[in-house]
Enquirer: 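Okay, here's the structure, questions in a sec.
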Amino acid sequence: QVDVDNFITDAVASIKAQVKDGRALIALSGGVDSSVCAVLAHRALGERLIPVYVDTGLMRKGETDRIKSVFSFMKPRIVDASDRFFSALRGVTDPEKKRKAVGETFIRVFESVARDLNVDYLIQGTIYPDRIESEGGIKSHHNVGGMPSVIEFKGIVEPIADLYKDEVREVARALKLPEEISERMPFPGPGLSVRVIGEVTRDKIEVVREANAIVEDELVSRYRPWQCLAALIGKGTGVKGDNRVHGWIIAVRAVESRDAMTANHMELPWETLNRISSRITSEIPSVARVVYDITPKPPATIEFE
Ligand code: XMP
């Protein structure tokens, strides 16, 4: 605990020392890393911190509103860029190309915001494992080096670059961030786009967003999974009323893990699975079928793409 308090004091002092009387920009994502950095930077800089939240249209249900309200004290700028994200995703089916489309669109949008703001520094929520993984070239999917190059920042400030995830969570609790943030499950940077197999459209995102909300509602507080999710994996035949319909197939996944490198599917009670299935098919009429994924990682991954 003493460590955490010391860390906070030192981090705030170090942000002050780096930014001096300049202005700094941070991209809020709702994740624990950027949230912790934003609070630390706000303590150090006050109104000289400019938080920006880009609404990609790919967030979970209620998430954008929650971010607006949790961070309202630092007056974040909200940029609704969902049209740009959906048009960048049009026709893209390859999972890595989707990640690229979302990542590049994010950078373009963020760049144009930053250019208008006249800021000196960029604050980034890079954590220790991000640095290790990107040095090893393991993952293409996180933020290291993924920020605007066109803008000439005086410098990049990475207040939590030496912390592991569980340490970031401890700092988040000490900073009194709400549980939805400090205990938030991992959620991929490209958002719900990687939970739709094949081309991403607004309609499919609506379906998968509702399904994710139901799965989280049924599982998070009761079973505390490492991660649980719903993915839209295709279409299949069903019967609704007297008609055969061609409806969406939703796959439900719930896993236990220590570090996301390996994972085990949870052996959920039938009663819980039955309730999830009947809620999804009744609350989302375009879904005809619900399946539960019982593959560990490896050979599967946690996400479907
Ligand atoms: P996989 O699916 O590879 O995921 O077993 C391991 C962990 O990483 C998350 N994940 C991502 N995170 N951008 C991210 O920021 C991504 O593109 C991405 N893909 C997967 C996944 O949710 C899990 O926690």
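Just follow the structure's listing: the first ligand is 1, and inside any ligand the first atom is 1. Nothing here was measured: the structure is a model prediction, and the numbers come from that model.
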Enquirer: May I ask you to list the atoms of ligand 1 that are less than 4.0 angstrom from any heavy atom of Gly189?
Expert: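 Matching atoms, with element in brackets: 12 (N), 13 (N), 14 (C), 15 (O).
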
Enquirer: Going by atom types alone, do Asp203 and Thr201 pair a side-chain donor with an acceptor below 3.5 Å?
Expert: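 Note: Asp203 and Thr201 side chains miss the donor-acceptor criterion.
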
Enquirer: May I ask you to list the atoms of ligand 1 that are less than 4.0 angstrom from any heavy atom of Glu303?
Expert: 2 (O), 20 (C), 21 (C), 22 (O)

Enquirer: Would one find an N or O of Arg195, backbone or side chain, under 3.5 Å from an N or O of ligand 1?
Expert: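 N/O-N/O distance under 3.5 Å: no.
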
Enquirer: Geometry only, no angles: is Arg99 polar-contacting ligand 1 at N/O separations under 3.5 Å?
Expert: yes

Enquirer: Does anything in residues 22-63 pair up under ring pair (Phe, Tyr, Trp, His ring centres under 6.0 Å), and if so which pairs, sequence neighbours excluded?
Expert: His42-Phe73

Enquirer: Would you mind listing which atoms of ligand 1 come within a distance below 4.0 Å of any non-hydrogen atom of Pro190?
Expert: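 That gives atoms 13 (N), 16 (C), 17 (O) of ligand 1.
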
Enquirer: Could you tell me which residues satisfy side-chain hydrogen bond (donor to acceptor under 3.5 Å, both in side chains) with Glu179, sequence neighbours excluded, listed by chain and number?
Expert: none

Enquirer: Just to be sure I read this right, does ligand 1 sit under 4.0 Å from the backbone of Pro186, its side chain, both, or neither, counting only heavy atoms?
Expert: side chain

Enquirer: Answer yes or no: is there a donor N or O on one side and an acceptor on the other, between the side chain of Gln227 and the main chain of Pro186, under 3.5 Å?
Expert: yes

Enquirer: Among Val215, Val290, Asp217, whose side chain to side chain contact (heavy atoms under 4.5 Å, CB included) with Arg279 holds?
Expert: Asp217

Enquirer: Pairs of nitrogen or oxygen atoms closer than 3.5 Å, one from Ala260 and one from ligand 1: do any exist?
Expert: no

Enquirer: Is the closest N or O pair between Ile302 and ligand 1 shorter than 3.5 Å?
Expert: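 Among all N and O atoms of Ile302, at least one is under 3.5 Å from an N or O of ligand 1.
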
Enquirer: State the atoms of ligand 1, each with its element, that fall below the 4.0 Å cut-off from a heavy-atom position in Lys297.
Expert: 1 (P), 3 (O), 5 (O), 6 (C)

Enquirer: Between Trp226 and Leu219, is there shared hydrophobic-cluster membership here, with clusters defined by ILVMFWY side-chain heavy atoms closer than 4.5 Å?
Expert: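 In one cluster: no.
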
